[in-house]
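I have placed the structure first, in the form of structure tokens, so that the comments after it can refer back to it.
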There are 2 protein chains.
Amino acid sequence: MTTAIQPRTLKTRAKLIDAARAIINDVGYSAMRVEQVVAEAGVAKGTFFSHFKDKDALLDRLIGEEIDKLLDQIETLPTPKSVDDIVSALVPYMNFISCERFVFDLVLRHSGAAKIEEIGPIAMTFERFADVIANWIKDGPFRTDAMPEMLANGVHSFVIQAVALNFCAIHQSEPLKGRLTPYLDLWLNPAQSA
Amino acid sequence: MTTAIQPRTLKTRAKLIDAARAIINDVGYSAMRVEQVVAEAGVAKGTFFSHFKDKDALLDRLIGEEIDKLLDQIETLPTPKSVDDIVSALVPYMNFISCERFVFDLVLRHSGAAKIEEIGPIAMTFERFADVIANWIKDGPFRTDAMPEMLANGVHSFVIQAVALNFCAIHQSEPLKGRLTPYLDLWLNPAQSA
DNA sequence: GTAAGAAAATGACCATGGTCAATATTGGAG
DNA sequence: CTCCAATATTGACCATGGTCATTTTCTTAC
């Protein structure tokens, strides 16, 4: 039998990804067009879809990469001493997923996968987010009546809520941090806020 | 000047909505096609788009209606005596927004509006959800160190999280209630769970 | 080096949401 | 009753993501 994967394949895929990155850098995620990517990469349209299941799969990968970098950053931080430390650490993450409405919608859409085999990069980052945060806050001055994993999942919920509200016109234009802090105070330090 | 809105307009719009409802009832939300709706309603395609900004606008309206009915139900309930009462009351809501992955994604996508004038039916239900829940739980046996509005927003966050996890293969197939209860316990009764 | 078969690339084609200039209908003013 | 302007409807057309039978390229066996 022949080699499972040809060098050519990797080269073409790299061309597609590079082209997409350049275009996104130029016009943003929502304005990226498959036709534009294949033109820039110098391949036919069908080639795109033999490398990626659909347009979303490419975006999933590119956005997942970015989120992973942000989680890498959080992992290097010392144990947080306050809710404010946590919020500050999460701001870059929140800024990225809210850089375009389109990106936030896509992130939510890919946050889970129906089948184990189909778990994509963004879904991975959701899993990883919980792990990273749980591990990061577990020695901090926060409530101890709940597993760090549960606290971390809750933090994620509130982050998503804060970003969602940020897109909503009804709510005054408050900075992102202000939308998150009061909830995390109540969530992580219920005794103090009593 | 002539009448601002002609009877004909209302009739056509009703035909479109009825047709859409029938089709959705038949094949579900995600499989509904605009072409099918206009064929069933007996109008031209362009007519659809002079009544609704886009396909999403019609779905927004139909789904918003359903959610409103569910909130009506919750409004009639007596003050909850426990987290379990709350979770039970929320199950129909969770079941509906998770009836199709497509529906859940659409609900999240419409949960906020960029401009005040553009707030649609689903975004309204998000606002209303917080009001209804805040009012409903405010006399219940729950923590009193936070405004009911904040508690209600938190409940909503956890509901969304529970439904999202329900779509995710990584997490065992646990009933929806089981995904929500532990979080609401920690959120609404922090002292008890210490 | 060459032939055979596997893998990759191609591009014409399709599905479907959405647009818009042209046409038809309506309701009121005279 | 008739005409006019406002309003509603029409359907050919476009944009864009996605498919698939065909063709090209690569790798290995000999």
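These numbers come from the heavy atoms of this one structure, side chains and all, not from hydrogens, waters or symmetry mates. So that the names make sense, note that chain A is the first sequence line, chain B the second, and so on, each numbered from 1.
Comparing B:K45 and B:R8, the nucleotide of DNA chain C nearest to each residue sits closer to the 5' end for B:K45. With DNA chain D read from its 5' end, the first of the two nearest nucleotides for A:E35 and A:G46 is the one closest to A:E35. Closest-nucleotide positions on DNA chain C for B:P7 and B:D56 were compared, and the one nearer the 5' end corresponds to B:D56.
The two residues B:M94 and B:A162 come nearest to each other via the heavy atoms SD-CB, 4.5 Å. Closest non-hydrogen pair, A:V155 versus A:W187, comes out as N-NE1, 3.7 Å. When every heavy atom of B:I86 is checked against every heavy atom of B:W136, the shortest pair comes out as CA-CH2, 3.7 Å.
The existence of a salt bridge linking B:R109 and B:D60 is excluded, since no basic side-chain nitrogen approaches an acidic carboxylate oxygen closer than 4.0 Å. Salt bridge A:E65/A:R21: present, at least one basic N to carboxylate O contact under 4.0 Å.
One atom, CZ of A:F49, and another, P of D:dC20, lie 13 Å apart when rounded to the nearest Å. One atom, NZ of B:K11, and another, C1' of C:dT26, lie 13 Å apart when rounded to the nearest Å. To the nearest angstrom, P of C:dT16 lies 13 Å from CZ of B:F102. The separation between B:L10 atom CG and D:dT7 atom C1' is 13 Å, rounded to whole Å. As rounded to whole Å, 7 Å separates atom P of C:dG17 from atom CE of B:M32. One atom, NZ of A:K53, and another, C1' of D:dG17, lie 12 Å apart when rounded to the nearest Å. Rounding to whole angstrom units, CZ of residue A:F48 and P of C:dA8 are separated by 17 Å. B:Q36 places its CD atom 18 Å from the C1' atom of C:dG18, with the value rounded to the nearest Å.
At the heavy-atom level, B:T9 lies under 4.0 Å from the strands shown only through sugar-phosphate atoms.
Checking the phosphate oxygens (OP1, OP2) of D:dT9, a side-chain nitrogen or oxygen of B:T12 falls inside 4.0 Å. Between A:T47 and C:dT10 there is a side-chain polar atom (N or O) within less than 4.0 angstrom of OP1 or OP2. Under 4.0 angstrom from either OP1 or OP2 of D:dT9 there lies at least one side-chain N or O belonging to B:H51.
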